[in-house]
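Along the sequence shown, the residues carry numbers beginning at 1.
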Amino acid sequence: MQNPIFKSLPQLSTPQSVSHSLFSPSLSIIVPKKRIARAMPCTSLVESSDGNGAVRSFKLKESTFLAAQMPKKEIAADRFIEAHPEYDGRGVIIAIFDSGVDPAAAGLRVTSDGKPKVIDVIDCTGSGDVDTSTVVKADDNCCITGASGASLVINSSWKNPSGEWRVGCKLVYELFTDTLTSRVKKERKRRWDEKNQEAIAEAVKQLDQFDKKHTKVEGVHLKMVREDLQNRVDLLRKQADSYDDKGPVIDAVVWHDGELWRAALDTQSLEDESGCGKLADFVPLTNYRLEQKHGVFSKLDACTCVLNVYNGGNILSIVTDSSPHATHVAGIAAAFHPEEPLLNGVAPGAQIVSCKIGDSRLGSMETGTGLTRALIAAVEHKCDLINMSYGEPTLLPDYGRFVDLVNEVVNKHRLIFVSSAGNNGPALTTVGAPGGTSSSIIGVGAYVSPAMAAGAHLLVEPPTEGLEYTWSSRGPTVDGDLGVSISAPGGAVAPVPTWTLQRRMLMNGTSMSSPSACGGVALIVSAMKAEGIPVSPYTVRKALENTSIPVGALPEEKLTAGQGLMQVDKAYEYMQKVQNLPCVWYQVKIKQAGITSKPTSYATSRGIYLREPLYCHQSTEWTVEIAPKFHEDANNLDQLVPFEECIELHSTGEAVVRAPDYLLLTHNGRSFSIIVDPTNLSDGLHYYEVYGVDSKAPWRGPLFRIPVTITKPSIVTSRPPLISFQGISFVPGQIERRFIEVPFGATWVEATMRTYGFDTARRFFIDTVQLSPLQRPIKWESVATFSSPSSKNFAFRVEGGQTMELAIAQFWSSGIGSHETTIVDFEIAFRGINISKEEVVLDGSEAPVRIDAEALLSTEKLVPSAVLNKIRVPYRPIDCKLHALSADRDKLPSGKQILALTLTYKFKLEDDAELKPQIPLLNNRIYDNKFESQFYMISDVNKRVHAKGDVYPDSSKLPKGEYTVQLYLRHDNVQYLEKMKQLVLFIERKLEEKDIVRLNFYSQPDGPLTDDGSFNSSDLVPGVKEAFYVGPPAKDKLPKNSREGSVLFGPISYEGGKSLQKNPASYQVSYIVPPIKLDEDKGKSLSDTRSVSERLEEEVRDAKIKILASLNQGTDEERAEWKKLSQSLKSEYPKHTPLLAKILEGVLSRNNSEDKFHHFTEIISAADEVVASIDRDELAKYCALRSDPEDEATEKLKKKMETTRDQLTEALYQKGLALAELEALKGESTADKVDMFEENFKELKKWVDLKSSKYGILSVFRERRHGRLGTALKVLNDVIHDDGNPPKKKFYELKLSLLNQIGWSHLVVYEKQWMQVRFPSSLPLF
């Protein structure tokens, strides 16, 4: 969960909250970020004051303290329930779109009227899905083999008329949060260490006994015995150092009991006590919505799980939460604590549907799949409200696939959608999608009252008035909409999942304000449904906005708090009055008059936002279209035709914003003009509204509002350009905004902030924001803590010619106990080097690229620098599969079926690398994307998944080897998916330091060829251009394995004094790898001295051998054909070693033969024939000679002899393995067989290093045959280490066998768990 104060990746969408453990002994108040507002005097505190009215002391009573943990007074929810105890949310269902609610958490078990609190728990992401399509039958002892390979006992009382048991398995850590995994790992490591120490003690004891018995170790045998004992001790100690717990595997079993699908889990691997966690002891569960039952994995984790079965039993969804966030959110909205009502949520009578959109595979980040399935579930469950406390910045407001689906859900199905505005304040235009940017969603800002500050945040001296949290996101949206609709308390001490081992904790964020508002709306809807008042999201929203209490006295405070702090009782009274009026949403569309297309990318907007200098210094006319929108089920004759309203228009600032007096509005809508004249306004922020009131019923309040936001910038006239703001006074929560027209030619800023006049530490948020078409707001941010008066320096990039907001905020609780103001001086120096090409592309030719540079503001030092430190390699899919998804979860409310396209790519790494897949068309957009969803997995040849992700791919470190990327795309439009079948995917990886290419600069175009005229630096004088060239990299400097069409890229900067990575004004340079140089020697060969008949005979022979090698041996008929041909060829070419080697390969390929004895005997026979065909003496003589590498004939003969040597060693190696396997099958060691193995071993030793990874296994077998298991394990570990990637399953199976034989059960368990990681039976589901 991302801390809004420390926003390391502001572009990523996250649950919007910060958490603290309640009553933690080291509790510190964490400050989020944004501006201050005034409202709501504290009524729950006992105060005393001096003559000047300054509050001197606060004293909470127990009741007010408990009430402050779960704020309700602020929104009048407590008053409403006191007046209407039956309207406490009863009859209302809230869908919680979040990280997954724990149905076992405190307060989330029953409603106030005794109904189940949580009526369904759904993992919409698929992160807990288990493939249970494998069907097995139980034996006479009620035993089945689980997907993990474990033997499982079925409970004989379980009904299963078909006798079919569907099995699957899952690594349990994939279901846990990182926090829970860490705790479980720590406890499991403690238990494992105890067992390992016991094994070490026993091994040391055996070694000590040997040393006492043999005071002098003489003879090879004794030395090897002692070495074996020492190896055992060393192995156990090394194992403790290399311990890496990937978690136990749990087996899942699904069956149909004749009425319902049931499922059970075997969790013995999680339990420490023998016999616990058995499958037969698990209480079977069915889909949660049917029986509202859940389970727990084990006492150790205390993690609640829910089991849902889909797709006819082929998929089991194991539902766990991906963070405590959702449970906390649900608790705020609807928790019920009969033992302590003051800790109740806002609507204790409401019921919950948990829709998990936070994917556990991605650390609780939402996915398009999760969002879409959640909307499907909300409609299917006939929910009344949706709360979503997730979001992120967006490219386009009120746009995208998810927004389209939300509009349908709100307009057609009448769901009320409430969402957090975001935690990216205090600057303007920081509201996130979808909550702050979508017209159909009620976006909620975060408010903190004095009672919350004292009771929940435990401040010694809370503020005297309520205000918005500093970090709460602000409007307007980039298209001028207000952004924040209303505000609600943004912090609470609420329930958390049982695995946290506590009942509740403090979290704060707009994540908390959203469910507070949602709970308040649930109270209103509860009353409306009870009294038969039609429920419409249109009228409910209007009631909330028109009855809120303003937060702050200034008009621009609406950009912070929306229409104000919601009031449940007043909103309900409003709904009672308007219940017989039409349910209408007044859609606002605005265009600038006389301009067919705006300079920005937005064809129409929802407000007027004059931000850039051009619009702030002239009068403009705007055309406003008001279009009444009814719900889809509205009757044409009864509702649409009669609709007509006489609207009186008002402006809150007639000197600046002028509009007509009246508007006659019918169903088809009406347009009118607005004139905005900001020319006489002072620099800074100004906010106005044009709103429409029903002239016949003015008590309804504004029916629609047109926000007008003007940020008139200051102009920097000094040269060099410098602007300073001196002596700004700050108190806790205060925000100061300055708007500056960034001079043309500026590309970066160097700023200095000085503070003085205070004693205790102060924390400040410093934000700058610029807006640019079709980009997310360009935001720079810093959190600066001043422990004493001092100064701090900052540098960041800017875009010339555009308005920049500078927002400086003293955090709301920083310095609140001190009565000293903080004085701040802030100085900004604009710097810049303008260049002709922001992105430099070298096309792969030898030609350099010319760059023009110019300093427009002041003299600058031009010092170009560029490196290529990354490579991006393109790939086309090798396979694509399009199929319809199951209707269980993937059928839209409209009836459309969602389809899935799976694309498969292959790539190979020659060395270890850090990489990430990139899909330029789809990456970095969740909400502002018309495509539904994407997900990728990178797996090796063993099907082990090494990386996974979606729209924000992460870099992953992968060992060298071959990999498969599977990309999963979803949409209901088959034409979209068809167009994606040849989608290009890039594998982007960082280059190692030795491969990084540093580019050279030249003062002449022939510089790269002549290596003359290098360009290093120059002084740029304002108004005078300088030109230079950047040359392509030398071909011999390109990283190895740079494929044709790959792109090398990296940063390029033009200002000296900072590293490329830290330079605030760096750009990108790229180089397209050209076709590789042709091999001039290719195709040349030695003259052949053989006769035509000899060449023909050899060609025919080789063709026959090739055909033999290509034959399959899958069936008895195929094997008979192969044997017949091999015998024929052997009789024709009895001593031809390549033929005999191919025959040996064919025999080895039949490794699934049921008659193992016969199979190994055949291998020995075939190997003997290969060995017999080779003159080993002649071969040994040749291998001892040194050949002349310049003699081509000698080199050719050398390669032939090396091939013969390889065939000999392979035959000896395979014979040794077969002899060892035969001996194991017989279970005894006969003298002649021992001699045969040893003789073969000694012969092989003459030709190869038997400690190498290829042949070391024979040494392992040899040590095991002599009972030296410790040495065998050591040799095997060395073989595994040297063998590299991908790991070979047969090596680890041998390791398990040795561990079992030596009796180290704790290591057997450990390695078995790792087997599931290294060698899964199949790829996981998407």
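- Residue pairs that meet the salt bridge (charged side-chain N to carboxylate O under 4.0 Å, His left out) test with at least one member in residues 127-138, sequence neighbours left out, are D129-R889.
- The pair E187-R183 does not count as a salt bridge, with every side-chain nitrogen at least 4.0 angstrom from each carboxylate oxygen.
- For the atom pair OG (S939) and NZ (K948), the distance works out to 10.5 Å, reported to the nearest 0.5 Å.
- Under the 3.5 Å distance criterion, the side-chain polar atoms of D950 are left unmatched by any main-chain donor or acceptor of T367.
- Contact detail for F210 and R226: the closest heavy-atom pair is CE2-CB, 3.4 Å.
- Between D241 and R237, no side-chain nitrogen of the basic residue sits less than 4.0 Å from a carboxylate oxygen of the acidic one, so the salt-bridge criterion is not met.
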Exercise. When you look at E202 and R232, which way does the salt bridge (charged side-chain N to carboxylate O under 4.0 Å, His left out) test go after all the steps?
Worked result: CA-CA 10 Å; E202 179 61 28; R232 297 185 185 210; over 6 Å; no
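- Contact check on R190 versus E194 returns a salt bridge, with a Lys/Arg side-chain nitrogen under 4.0 Å from an Asp/Glu carboxylate oxygen.
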Please set out all donor-acceptor pairs under 3.5 angstrom arising from side-chain atoms of residues 1289-1302, sequence neighbours excluded.
{"residue": "K1295", "atom": "NZ", "partner": "N1277", "partner atom": "OD1", "Å": "3.3"}
{"residue": "K1295", "atom": "NZ", "partner": "E1311", "partner atom": "OE2", "Å": "3.3"}
{"residue": "S1297", "atom": "OG", "partner": "R1264", "partner atom": "NH1", "Å": "3.0"}

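- Ion pairing of K278 with E271 is absent here, as no side-chain N (NZ or NE/NH1/NH2) approaches a carboxylate O to less than 4.0 Å.
- Here the side chain of Y173 pairs no donor or acceptor atom with the backbone of L180 at under 3.5 angstrom.
- Partner Y1213 forms a ring-ring contact (aromatic ring centres under 6.0 Å, His included) with one of F1241, F1261, Y1255 and no other, that one being Y1255.
- Ring orientation note: the planes of F176 and F297 are nearly perpendicular, at an angle over 60° on the 30°/60° scale.
- Every residue meeting the side chain to side chain contact (heavy atoms under 4.5 Å, CB included) condition with V135, not counting sequence neighbours, appears here in chain and number order: E164, R166.
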For this session: Quick one: do I154 and I144 satisfy side-chain contact (heavy atoms from CB on, under 4.5 Å)? Show the steps, please.
Result: CA-CA 7 Å; I154 298 295; I144 61 172; 3.7 Å; yes
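- Taking the side chain as every heavy atom from C-beta outward, L1323 and T964 never approach each other to under 4.5 Å.
- With respect to K1288 and D1283, a salt bridge is recorded, a charged nitrogen being found less than 4.0 Å from a carboxylate O.
- Residues I318 and L307 meet the side-chain proximity criterion, which asks for heavy atoms closer than 4.5 Å.
- Between atom NZ of residue K1215 and atom CG of residue L1258 there is a gap of 12.0 Å, rounded to the nearest 0.5 Å.
- Side chain to side chain, S148 and D251 meet the donor-acceptor criterion of an N or O pair below 3.5 Å.
- Heavy-atom contacts from other residues, nucleotides or ligands closer than 6.0 Å to NZ of K189 number more than 12.
- Judged purely by atom type and a 3.5 angstrom limit, D123 has no side-chain atom pairing as donor or acceptor with the backbone of V319.
- Among all heavy-atom pairs drawn from C169 and V249, the shortest one is CB-CG1, 3.7 Å.
- In this structure, S322 contributes its side chain and D359 its backbone to no donor-acceptor pair below 3.5 Å.
- The CD atom of Q1313 sits 11.5 Å away from the CG atom of D244 when rounded to the nearest 0.5 Å.
- The closest donor-acceptor contact from the side chain of S182 to the backbone of T179 lies at 3.5 Å or more, if one exists at all.
- Counting only heavy atoms from C-beta outward, the side chains of R1268 and E227 never approach each other to under 4.5 Å.
- In terms of heavy-atom proximity, K957 sits nearest to E914 at CE-OE1, 3.8 Å.
- For D140, the CG atom sits in a loose shell: 12 or fewer heavy atoms of surrounding residues, nucleotides or ligands are nearer than 6.0 Å.
- Residues R188 and P248 are in side-chain contact: their nearest non-hydrogen atoms beyond the backbone lie under 4.5 Å apart.
- Of the options T500, T320, T304, a side-chain hydrogen bond (donor to acceptor under 3.5 Å, both in side chains) to D102 is made by T304 and by none of the others.
- Side-chain contact between E1210 and K1254: present, with at least one pair of heavy atoms (C-beta onward) separated by less than 4.5 Å.
- Counting only heavy atoms from C-beta outward, the side chains of F935 and R361 approach each other to under 4.5 Å.
- When only modelled atom types and interatomic distance are considered, D193 and Y243 share no side-chain donor-acceptor pair under 3.5 Å.
- With a 4.5 Å cut-off on side-chain heavy atoms, R1150 and H1159 count as touching.
- In this structure a side-chain-to-backbone donor-acceptor pair under 3.5 Å is missing from N287 to N308.
- Under 3.5 Å, the side chains of W499 and D321 contain a donor-acceptor pair of N or O atoms.
- Separating the CG atom in L1307 from the CG atom in N196 is a distance of 6.0 Å, to the nearest 0.5 Å.
- At most 12 non-hydrogen atoms from other residues, nucleotides or ligands lie less than 6.0 angstrom from CG of D178.
- P324 and V496 get closest at one heavy-atom pair: CB-CG1, 4.2 Å.
- Using a 4.5 Å cut-off on side-chain heavy atoms (C-beta onward), L175 and K170 make contact.
- Interatomic distance, NZ of K960 versus CG of L909, reported as 10.5 Å (0.5 Å rounding).
- For the pairing with D208, the side-chain hydrogen bond (donor to acceptor under 3.5 Å, both in side chains) check across K205, K212, Q206 returns one residue only, K212.
- Not one N or O on the side chain of T267 forms a donor-acceptor pair closer than 3.5 Å with the backbone of S298.
- Taking all atoms of both residues into account, the shortest heavy-atom contact from A280 to N155 is O-ND2, 2.9 Å.
- The closest donor-acceptor contact from the side chain of T132 to the backbone of N314 lies under 3.5 Å.
- Judged by distance alone, with hydrogens and angles left aside, the side-chain atoms of N942 form a donor-acceptor pair with the main-chain N or O of P1287 at under 3.5 Å.
- Contact detail for P103 and Y288: the closest heavy-atom pair is CB-OH, 3.4 Å.
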Problem set entry | Chi angles and distances behind the side-chain hydrogen bond (donor to acceptor under 3.5 Å, both in side chains) call for T1271, N231 | CA-CA 6 Å; T1271 303; N231 283 333; 3.1 Å; yes
Exercise. Do Q1214 and L1148 pass the side-chain contact (heavy atoms from CB on, under 4.5 Å) test, and can you show the C-alpha distance, the side-chain angles, and the key distance before you say yes or no?
Worked result: CA-CA 9 Å; Q1214 295 297 339; L1148 289 169; 3.3 Å; yes
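- Of the possible polar contacts, one joining the T286 side chain to the W261 backbone as a donor-acceptor pair under 3.5 Å is found.
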Exercise. Could you go step by step and tell me if K356 and V121 meet the side-chain contact (heavy atoms from CB on, under 4.5 Å) rule?
Worked result: CA-CA 8 Å; K356 178 181 173 181; V121 178; over 6 Å; no
Exercise. Step by step, would you call M937 with F1326 a side-chain contact (heavy atoms from CB on, under 4.5 Å)?
Worked result: CA-CA 9 Å; M937 291 190 292; F1326 283 102; 3.6 Å; yes
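- From L1212, atom CG reaches atom NZ of K1245 across 14.5 Å, with rounding to the nearest 0.5 Å.
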